[in-house]
Amino acid sequence: MYAPERHQQILDTARVHGRVDVAGLARDLAVTPETVRRDLTALERRGVLRRVHGGAIPVERLGIEPGVSDRESHSAGQKERIARAALDELPDGGSIILDAGTTTVRLAEMLPHDRELTVVTHSIPVAGILISRPNITLHLLGGIVRGRTLAAVGDWTRAQIADVFADVAFMGTNGISVDRGLTTPDLAEASVKRALIDAARRTVVLADHTKFGREDFARVAPLSDIDTVITDIGLDVELAGDIENAGPRVVVV
């Protein structure tokens with residue numbers, strides 16, 4: 001196994017179990033503890049793990065929000081499948097909201113060229129993808145741009161959202177649980193996400209399985225406000241059932 005493959009496996013294990021230990025990783029990966037320690041150091045330098053005595057903890061458990069560049073490579077294959085499945089939720093024409101996030105960026109890249117769509121977004125990366133598309137009427141919401149998510153937030157952003165009502169909102173999330181619904185680390189980001197959900201007839205959440213069971217600092221919305229959740233086959237079947245019982249339809253791809 002090459003180092004990048006080990007790094008991804010270590011990171012996935014840490015996110016599923018909440019932490020990893022050097023001895024267990026050395027056994028599972030069939031490498032020396034010294035190799036594991038070097039891998040953990042490399043992952044800590046990327047900002048996705050935090051070293052602790054005997055192992056490491058994913059930054060999500062510490063309330064640290066990874067930047068866009070760190071999140072882009074995480075679960076790339078799952079995000080691709082989720083974004084592709086989200087195309088089935090598009091209106092034939094009309095208006096959509098695209099939230100900030102790496103999966104919604106992939107959805108923006110996949111939007112069809114054969115239908116007219118009005119797109120509202122507060123995401124700079126999403127706007128950059130769609131700005132030159134002749135079949136897209138793009139509305140970019142202004143505000144204070146957060147460096148970690150490259151998305152506009154604040155009173156000005158929410159005031160602009162109040163003027164629109166879209167057919168479908170495609171939302172990302174940092175955490176999703178039965179008890180707390182959608183959560184994110186930043187209060188300003190959560191406030192804008194709530195406004196985007198309120199500004200659409202239907203809400204579709206795009207979230208890979210690592211987001212489930214996680215509860216972040218700022219509450220966005222209960223699951224009863226969500227119509228559909230699209231995720232990947234890594235989600236536990238029992239948890240998927242619990243999510244559906246709380247309100248939204250769960251689509252696993």
Undergrad: Please report the closest heavy-atom contact between A14 and L49, naming both atoms and the distance.
TA: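 It is CB-CD2, 3.8 Å.
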
Undergrad: Would I226 and L182 satisfy side chain to side chain contact (heavy atoms under 4.5 Å, CB included), going step by step from the backbone distance to the final call?
TA: CA-CA 9 Å; I226 308 305; L182 307 186; 3.8 Å; yes

Undergrad: Do you know which two heavy atoms are closest between A151 and A100, and how far apart they sit?
TA: CB-CB, 3.5 Å

Undergrad: Quick check for you: to the nearest 0.5 Å, what is the distance between L98 atom CG and T103 atom OG1?
TA: 11.5 Å

Undergrad: Could you tell me whether the side chain of V168 reaches within less than 4.5 Å of the side chain of L90, counting heavy atoms only?
TA: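 Heavy-atom side-chain distance check fails, nothing below 4.5 Å.
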
Undergrad: Check each of T102, D208, D232 against K79 using the side chain to side chain donor-acceptor pair (under 3.5 Å) test, and report the only one that passes.
TA: T102

Undergrad: What's the spacing between L223 CG and I243 CD1 if we round to 0.5 Å?
TA: 5.0 Å

Undergrad: How many angstroms lie between atom NE2 of H209 and atom CZ of R15, to the nearest 0.5 angstrom?
TA: 10.0 Å

Undergrad: For R38 and T41, which I'm curious about, is there any donor-acceptor pair between the side chains at under 3.5 Å?
TA: no

Undergrad: Using atom types as modelled and distance alone, determine if a side-chain donor or acceptor of R219 lies under 3.5 Å from a backbone N or O of A190.
TA: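 A pair under 3.5 Å: no.
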
Undergrad: Can you list the steps and then say if T173 with T184 is a side chain to side chain contact (heavy atoms under 4.5 Å, CB included)?
TA: CA-CA 6 Å; T173 187; T184 194; 5.7 Å; no

Undergrad: When hydrophobic residues are tied together by side-chain contacts of less than 4.5 Å, even through go-betweens, does V178 share a cluster with F212?
TA: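 Yes, V178 and F212 fall within the same hydrophobic cluster.
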
Undergrad: Just by distance, do the side chain of K193 and the backbone of M171 share a donor-acceptor pair under 3.5 Å?
TA: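 A pair under 3.5 Å: no.
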
Undergrad: Find out if a path of hydrophobic residues (ILVMFWY) with successive side-chain heavy-atom gaps under 4.5 Å connects V153 to I124.
TA: no

Undergrad: In the single-linkage hydrophobic clustering (I, L, V, M, F, W, Y; side-chain heavy atoms under 4.5 Å), do I144 and W156 co-cluster?
TA: no

Undergrad: Do T210 and Q78 come close enough that some side-chain heavy atom pair is under 4.5 Å?
TA: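 No. Closest side-chain heavy atoms not under 4.5 Å.
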
Undergrad: Is there a path of hydrophobic side-chain contacts, each under 4.5 Å between heavy atoms, that joins L150 and L141?
TA: no

Undergrad: Are any side-chain N or O atoms of D21 and backbone N or O atoms of G55, one a donor and one an acceptor, separated by less than 3.5 Å?
TA: no

Undergrad: Out of curiosity, I10 CD1 to E5 CD, how far, rounded to the nearest 0.5 Å?
TA: 12.0 Å

Undergrad: Between L25 and L40, is a side chain to side chain contact (heavy atoms under 4.5 Å, CB included) present by the stated rule, with each step listed?
TA: CA-CA 10 Å; L25 288 173; L40 295 181; 4.2 Å; yes

Undergrad: Go through the steps for E189 and H122 under the test side chain to side chain contact (heavy atoms under 4.5 Å, CB included), then give the verdict.
TA: CA-CA 10 Å; E189 195 101 33; H122 67 313; 3.9 Å; yes

Undergrad: Determine yes or no for a side-chain-to-main-chain donor-acceptor pair under 3.5 angstrom, with E215 supplying the side chain and S177 the backbone.
TA: no

Undergrad: Can you tell which of R84, E89, R249 makes a side-chain contact (heavy atoms from CB on, under 4.5 Å) with I230?
TA: E89

Undergrad: How about D225 and P222: do any of their side-chain heavy atoms sit closer than 4.5 Å?
TA: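 In contact.
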
Undergrad: If I compare all heavy atoms of I161 with all of A195, which pair ends up nearest, and what's the gap?
TA: CG2-O, 3.4 Å

Undergrad: So, D39 side chain and H7 main chain: donor-acceptor pair closer than 3.5 Å or not?
TA: no

Undergrad: Short question: side chain of Q8, backbone of P4 - any donor-acceptor pair under 3.5 Å?
TA: no

Undergrad: Would you call R158 and D155 a salt bridge, using N to O less than 4.0 angstrom?
TA: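 Looking at D155 together with R158, the answer is yes, because their closest N to O distance falls below 4.0 Å.
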
Undergrad: Let me check something: do M110 and V204 share a hydrophobic cluster, defined by ILVMFWY side-chain heavy atoms less than 4.5 Å apart, either directly or through other members?
TA: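 In one cluster with M110: V204, yes.
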
Undergrad: Should the heavy atoms of other residues, nucleotides or ligands under 6.0 Å from CD of E238 be counted, would the total exceed 12?
TA: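 Atom CD in E238 is not packed in, count stays at 12 or less.
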
Undergrad: H139 pairs by side-chain contact (heavy atoms from CB on, under 4.5 Å) with which of I97, V164, V120?
TA: V120

Undergrad: Which atoms form the tightest heavy-atom contact between L140 and A127, and what is the distance?
TA: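 Result for this residue pair: CD1-CB, 3.8 Å.
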
Undergrad: Between A108 and V126, which heavy-atom pair has the shortest distance, and what is it?
TA: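 Taking every non-hydrogen atom into account, CB-CG1, 4.1 Å.
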
Undergrad: Using the rule side-chain contact (heavy atoms from CB on, under 4.5 Å), only one of V229, L239, V250 pairs with E244; which is it?
TA: V250

Undergrad: For the pair R133 (side chain) and L111 (backbone), establish whether a donor and an acceptor sit closer than 3.5 Å, ignoring hydrogens and angles.
TA: yes

Undergrad: How long is the span from the NE2 atom in H113 to the CZ atom in R115, to the nearest 0.5 Å?
TA: 11.5 Å

Undergrad: Any donor and acceptor pair, going by atom type alone, linking the side chain of S123 with main-chain N or O of D99 inside 3.5 Å?
TA: no

Undergrad: For F165 and S95, work out which heavy atoms get closest and say how close.
TA: O-OG, 4.0 Å

Undergrad: Keeping the roles fixed (side chain from T183, backbone from D216), state whether a donor-acceptor pair exists under 3.5 Å.
TA: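 Between the backbone of D216 and the side chain of T183 there is a qualifying donor-acceptor contact (under 3.5 Å).
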
Undergrad: Find the distance between CZ (F170) and OG1 (T228) and round it off to the nearest 0.5 Å.
TA: 9.0 Å

Undergrad: Picking from V251, T231, T104, what satisfies side-chain contact (heavy atoms from CB on, under 4.5 Å) with L206?
TA: T104

